[in-house]
Amino acid sequence: MDGKQQLRFAAAAFIAGCLWGYLRNRERGNRTLLSLLQGVEWFIAYGGATALLEGLRAFVDRTPPEDEPTSERVTQLRQIVAERTGTEG
């Protein structure tokens, strides 16, 4: 499964987890928080965190486009010294 497909699957698991958590805890006062926690738990369990991290790593590691100027590194300097004696000619 590629990263986008896994992320979609994990997002669907998050929604299903939220619904399940809400139905399971509908008599409790903090049912919204518990349903969100259930959704996050299912999101992580179905690989959502891994897919997010892989996407972030791919974004950070991407190569710069060729249009952008690249900086050149100077590795060698050459100096030419000309001796002047004062008597030219």
Side-chain angles (χ1 to χ4, degrees):
M1 210 183 294
D2 68 330
K4 286 185 179 182
Q5 189 176 15
Q6 185 176 5
L7 190 59
R8 284 189 212 127
F9 184 65
F14 172 75
I15 293 170
C18 286
L19 290 173
W20 174 252
Y22 189 82
L23 290 174
R24 186 175 174 198
N25 299 300
R26 63 188 129 166
E27 293 88 25
R28 298 179 74 175
N30 56 353
R31 61 185 166 265
T32 306
L33 178 62
L34 291 172
S35 68
L36 285 174
L37 287 175
Q38 184 72 48
V40 169
E41 182 180 322
W42 285 18
F43 179 79
I44 292 171
Y46 285 95
T50 305
L52 282 177
L53 290 175
E54 285 176 0
L56 286 173
R57 182 170 299 279
F59 177 74
V60 169
D61 290 341
R62 68 184 164 100
T63 57
E66 297 298 324
D67 297 343
E68 295 179 13
T70 57
S71 63
E72 293 185 16
R73 186 173 153 195
V74 177
T75 58
Q76 220 174 29
L77 293 175
R78 190 167 141 186
Q79 183 177 10
I80 299 174
V81 178
E83 187 177 321
R84 292 186 140 190
T85 60
T87 56
E88 305 243 349

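By the criterion of side-chain heavy atoms lying less than 4.5 angstrom apart, applied directly or through intervening Ile, Leu, Val, Met, Phe, Trp or Tyr residues, L53 is not grouped with L7; the two fall into different hydrophobic clusters. Hydrophobic clustering (ILVMFWY, side-chain heavy atoms < 4.5 Å, transitive): L19 and F43 are in one cluster.
A13 pairs by the side chain to side chain contact (heavy atoms under 4.5 Å, CB included) definition with W42, Y46, not counting sequence neighbours.
Contact between G48 and A10 at its shortest, heavy atoms only, is CA-CB, 3.3 Å.
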Name the atoms and distances for all side-chain donor-acceptor pairs under 3.5 Å in residues 30-39, with sequence neighbours left out.
{"unit_1": "R31", "atom_1": "NE", "unit_2": "Y22", "atom_2": "OH", "d": "3.3"}
{"unit_1": "R31", "atom_1": "NH1", "unit_2": "R26", "atom_2": "O", "d": "3.4"}
{"unit_1": "R31", "atom_1": "NH1", "unit_2": "R28", "atom_2": "O", "d": "3.1"}
{"unit_1": "S35", "atom_1": "OG", "unit_2": "R31", "atom_2": "O", "d": "3.2"}
{"unit_1": "S35", "atom_1": "OG", "unit_2": "T32", "atom_2": "O", "d": "2.8"}

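Each side chain to side chain donor-acceptor pair (under 3.5 Å) pair with one or both residues in residues 51-61, not counting sequence neighbours, would appear here, but there are none.
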